Every structure is written in structure tokens, then in C-alpha cells.
Amino acid sequence: MAKTELKSKAAKAKAAMGGGKGKKKKWSKGRACEKLVNAVLFDKKTFDRLLKEVPKMKLITPSAVAERLKINGSLARRALKHLLKENLIRTVSYHSAQGIYTRATRS
């Protein structure tokens, strides 16, 4: 049985790189995700959409409203409180982190 030679890490790396171009592998730049630019105040058009579309949704959450109307999360929470006061929606479950609402049924 022949003895194997002990190689240093540098020698092993050089031997492994010897077959190809011999350049070091570059890290990819990675993708930066786009920043959302949501409205922080209602304009007439968005507020009308809120009154028209949201009461017809089956599952209403602040995040769903914010995503659909392109508004800020805090503005969505305030809007849902307004709709609740107008009896256009009703509460299913409310937690400090996330409120869950549904459309108001005639009963």
C-alpha cells in the first residue's frame, strides 16, 4: 500500500482549480426588492373605492385592504374602523396584531 502525500489546503485548492479557468467564483449581486409607495391619506377616488369594494369582500383584513387599495397599513385600520361604525362590515375576530372582518349580512 502506497503512502498518500499530505497536501496543504492551498495545494488542494490549486489542484482543484487547475482543470478550469482558475478564476475565483464571484458572488452574485442579489436582488433588491422594490419598496412599496402606498398612500398615507385618502383621496376622493380611493375613498370611493373603499366604500364600494371592501364591504363586498368575504374576508376583510387590514393587510388585504392595504394591498388592494395601495394604502398604508395604519390608514387601512382606520378605514376598517370607519366601515365598522357605519355597519358596512362586521367583526369576526379582533386581536391587537390583526383584525378579521367580513361583510355585513342582513339579519
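Because the structure is a prediction, the values reported are computed rather than measured.
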With Pro62, which of Leu80, Ile100, Asn72 fulfils side chain to side chain contact (heavy atoms under 4.5 Å, CB included)? Leu80

Show the nearest heavy-atom pair for residues Glu67 and Lys70, with the distance to one decimal. O-NZ, 3.3 Å

Applying side chain to side chain contact (heavy atoms under 4.5 Å, CB included), can you list everything that pairs with Leu84, at least two apart in sequence or on another chain? Ile89, Thr91, Tyr101

To the nearest 0.5 angstrom, please state how far the CZ atom of Arg90 sits from the OG1 atom of Thr105. 5.0 Å

Exercise answer: donor-acceptor pairs, residues 36-61 side-chain atoms, under 3.5 Å, sequence neighbours excluded:
residue : atom : partner : partner atom : Å
Asn38   : ND2  : Ile71   : O            : 3.4
Asp43   : OD1  : Thr46   : N            : 3.2
Asp43   : OD1  : Thr46   : OG1          : 2.3
Lys44   : NZ   : Asp48   : OD1          : 3.3
Lys44   : NZ   : Asp48   : OD2          : 3.4
Arg49   : NE   : Glu53   : OE2          : 3.1
Arg49   : NH2  : Arg68   : O            : 3.4
Thr61   : OG1  : Ser63   : OG           : 3.3
Thr61   : OG1  : Ala64   : N            : 3.2

